[in-house]
Amino acid sequence: MADTKTAETGAEKPPRSVRVVLLALMITMMLAMLDNMIVGTAMPTIVGELGGLEHLSWVVTAYTLATAASTPIWGKLGDMFGRKGVFMSSIVLFLIGSALSGMAQNMGELIGFRAIQGLGAGGLMVGVMAIIGDLIPPRERGKYQGMMAGVMALAMIGGPLVGGTITDNWGWRWSFYINLPLGAVSLALISVVLHLPKKRAKAGIDYLGVVLLTVGITSIVLVTTWGGTEYAWTSARIMELIGIGVASLIGFVYWQTRAAEPIVPLHIFRSRNFTLMSLIGFITGFVMFGATLFLPLYQQSVQGASATNSGLLLLPMLGAMLVTSMVAGRVTTNSGKYKIFPVVGSVLMVIGLYLLSTMDTGTSRFTSGVFMAVVGLGMGCLMQITMLVAQNSVEMKDMGVASSSTTLFRTLGSSFGVAIMGALFNNRVQDVMSERAGALGSKITEQSAQLDAASLAKLPVAAREAYQHAVSAGTHSAFLLGAVVAVAALVAAVFVKEVPLKGAGPQKADEATDGTAAVPPTMVETV
């Protein structure tokens, strides 16, 4: 066996070992993206067998909390102790959580095991992106990260279909067990083929930083999860969580300036591009997950679409995102230019969200599909370019924390997007229902502003029409807010500095700017 360098820009096809590793990474990303989609479809069956309906939301919340809190920790551990071992550990932990979740005998066990699964999931996406950053020069990285965006889109489309098929034919426990063979294949390929330098940090783990960051992130996610649903936004519990979260994050930032080996080295934010990409990633998460929540609801409630294949309802948006991600990656690889994509992507996102805000009860499925495609084109320009530019803005030793920080900002953006757009949507729906259907309208939506198909079918014709107008008004408010927020992404994109991508032609080490350093060749073993 011989060692082979990763392919230089445009010179040759990557060695077979690199392609095998990329296959393993794509499988791992599929695990991370598919899980919530599959489990979401299986939840009614799970509740029917295990009971505990009152704790249903915690099945998702426990996973989300654990994933968000552990994401930056996995990234830092990879920088400190070596990417391969840390990444494989996260996969193993995810698979242990999956196996235990499949064996759960009550809702309490399932929630606890989902938290274990979430702790492992926090390292999956970060590990994938950081390893790509180690293996592939930035000039080449765009097209491979475009492929990863394609996997993400396919998972969002196919997840509900796969979840429904598995639950109907094999039982809900296989919605967790299905992760085991896929994870085993990924582990085997990575173990045999991936060879990265081993590291051993001299400084110990920043335990205080871990605690402060975990408490801060947990508080934020709980505020966005519970606010307006479990508790009123002005309730004592929400105020307490906000206070704890703010105090923890302020303490975390202060401690990071003193820690010997900080979890999130603050110097990475000195790079203008990294800070701007973090902001754009936050806004992209805000918009994307808000759109994926309200678009199917609008199509089912107003346009009468079937809820059976809910993932297919988003096909225009996700298909456009997939195509654009691939094209953006290829163009970036061939030209070395990337600033155009954040700018154009932000413009398209603003336009698309504004168009979605104009939908009413008379909007056709074709028209809404075109509007969704415009948003998808914008998100496709942003999804992976943000990660590429963020990684290009830091030194190799900070690749893990750069990847994890970017991922974390996108995750937090999605939490805020769902919470804020959801609160606006719910309030608007309830107001319109009160206006159009009086006391009956208020009673219909007092428990939830989102009615399922069965509940909607039972409503009197007048109440159903009122609800359709209310949902149209709610989506108008939510998407108009999204368009306003997306303007901030456009402003940030304008200030992005086009720093040459490392590996893009004969660039010397001292020619790199914006705080970056030339990438040393990464070695992988051919098979």
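Numbers here simply count residues along the sequence, with the first being 1. Computed over heavy atoms, backbone and side chain alike; hydrogens, waters and symmetry mates excluded.
Atoms OG1 and CD1, on T411 and I217 in that order, are 9.0 Å from each other to the nearest 0.5 Å. Considering CG of L95 and CD1 of I91, their distance stands at 7.0 Å, rounded to 0.5 Å. Note: T475 OG1 to L480 CG = 11.0 Å, rounded to the nearest 0.5 Å. For the atom pair I420 CD1 and W233 CH2, the distance stands at 6.5 Å (nearest 0.5 Å). The distance from the CE atom of M317 to the CG atom of L356 is 8.5 Å, given to the nearest 0.5 Å. The structure places CD of Q299 at 11.0 Å from OG1 of T363, a figure rounded to the nearest 0.5 Å.
Between G378 and L348, the closest heavy-atom pair is CA-CB, 3.7 Å. Minimum heavy-atom separation, S90 to L124: OG-CD2, 3.8 Å. In this structure, V221 and S415 approach most closely via the heavy-atom pair CG2-OG, 4.3 Å. Of all heavy-atom pairs spanning V432 and A473, the tightest one is CG2-CB, 3.7 Å. Across every non-hydrogen atom of T324 and C381, the tightest pair is CG2-SG, 3.4 Å. G78 approaches R83 most closely through the heavy-atom pair C-NH1, 3.4 Å.
Using the six-membered ring where Trp is involved, F294 and F479 have ring planes that are perpendicular, over 60° apart on the 30 and 60° scheme.
Looking at heavy atoms from C-beta onward, L382 lies in side-chain contact with S346 at the 4.5 angstrom threshold. I220 has its side chain within reach of F416: a pair of non-hydrogen atoms, C-beta onward, lies under 4.5 Å apart. Annotation: side chain of P72 is in contact with side chain of L213 (closest heavy-atom distance under 4.5 Å). In this structure, M103 and E109 have side chains that are not in contact, with every pair of non-hydrogen atoms separated by 4.5 Å or more. In this structure the side chain of V471 reaches within 4.5 angstrom of the side chain of Y467, judged on heavy atoms. Residues M326 and L322 meet the side-chain proximity criterion, which asks for heavy atoms closer than 4.5 Å. Contact of the W74 side chain with the S89 side chain is registered, since non-hydrogen atoms from C-beta on lie closer than 4.5 Å. In this structure, L295 and M359 have side chains that are in contact, with non-hydrogen atoms separated by less than 4.5 Å.
Side-chain atoms of Y177 come within 3.5 Å of backbone N or O of G102 as a donor-acceptor pair. Panel note: side chain N179, backbone L31; no donor-acceptor pair is recorded below 3.5 Å. Looking only at distances, no side-chain donor or acceptor of S186 sits under 3.5 Å from a matching main-chain atom of L182. A donor-acceptor pair is defined here as one N or O able to donate and one able to accept, closer than 3.5 Å; such a pair exists between the side chain of R410 and the backbone of M383. With Q303 contributing its side chain and S364 its backbone, the two residues share a donor-acceptor pair below 3.5 Å. Side-chain atoms of R428 never come within 3.5 Å of backbone atoms of S477 as a donor-acceptor pair (strictly under, hydrogens ignored). Judged by distance alone, the side chain of R114 and the main-chain N or O of S98 form no donor-acceptor pair under 3.5 Å. Put simply, the side chain of T67 gets close to the backbone of G118: a donor and an acceptor are under 3.5 Å apart. In this structure a side-chain-to-backbone donor-acceptor pair under 3.5 Å is present from H476 to S357. Panel note: side chain S405, backbone A402; no donor-acceptor pair is recorded below 3.5 Å.
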Can F87 and T28 be said to form a side chain to side chain contact (heavy atoms under 4.5 Å, CB included), step by step? CA-CA 10 Å; F87 183 53; T28 308; 3.5 Å; yes
Quick one: do T214 and I73 satisfy side chain to side chain contact (heavy atoms under 4.5 Å, CB included)? Show the steps, please. CA-CA 9 Å; T214 301; I73 299 170; 4.0 Å; yes
Evaluation steps, side chain to side chain contact (heavy atoms under 4.5 Å, CB included), between M433 and H469: CA-CA 8 Å; M433 286 296 285; H469 283 282; over 6 Å; no
Give the C-alpha distance, both sets of side-chain angles, the deciding distance and a yes or no for side chain to side chain contact (heavy atoms under 4.5 Å, CB included) between V185 and I27. CA-CA 8 Å; V185 171; I27 293 173; 3.9 Å; yes
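No more than 12 heavy atoms of other residues, nucleotides or ligands sit less than 6.0 Å from atom CH2 of W170. Within 6.0 Å of the OH atom in Y354, the count of heavy atoms belonging to other residues, nucleotides or ligands does not exceed 12.
Ring centroid separation for the pair F176 and F113 does not come in under the 6.0 Å cut-off.
Counted by atom type alone, S301 and Q468 present zero donor-acceptor pairs between their side chains at under 3.5 Å.
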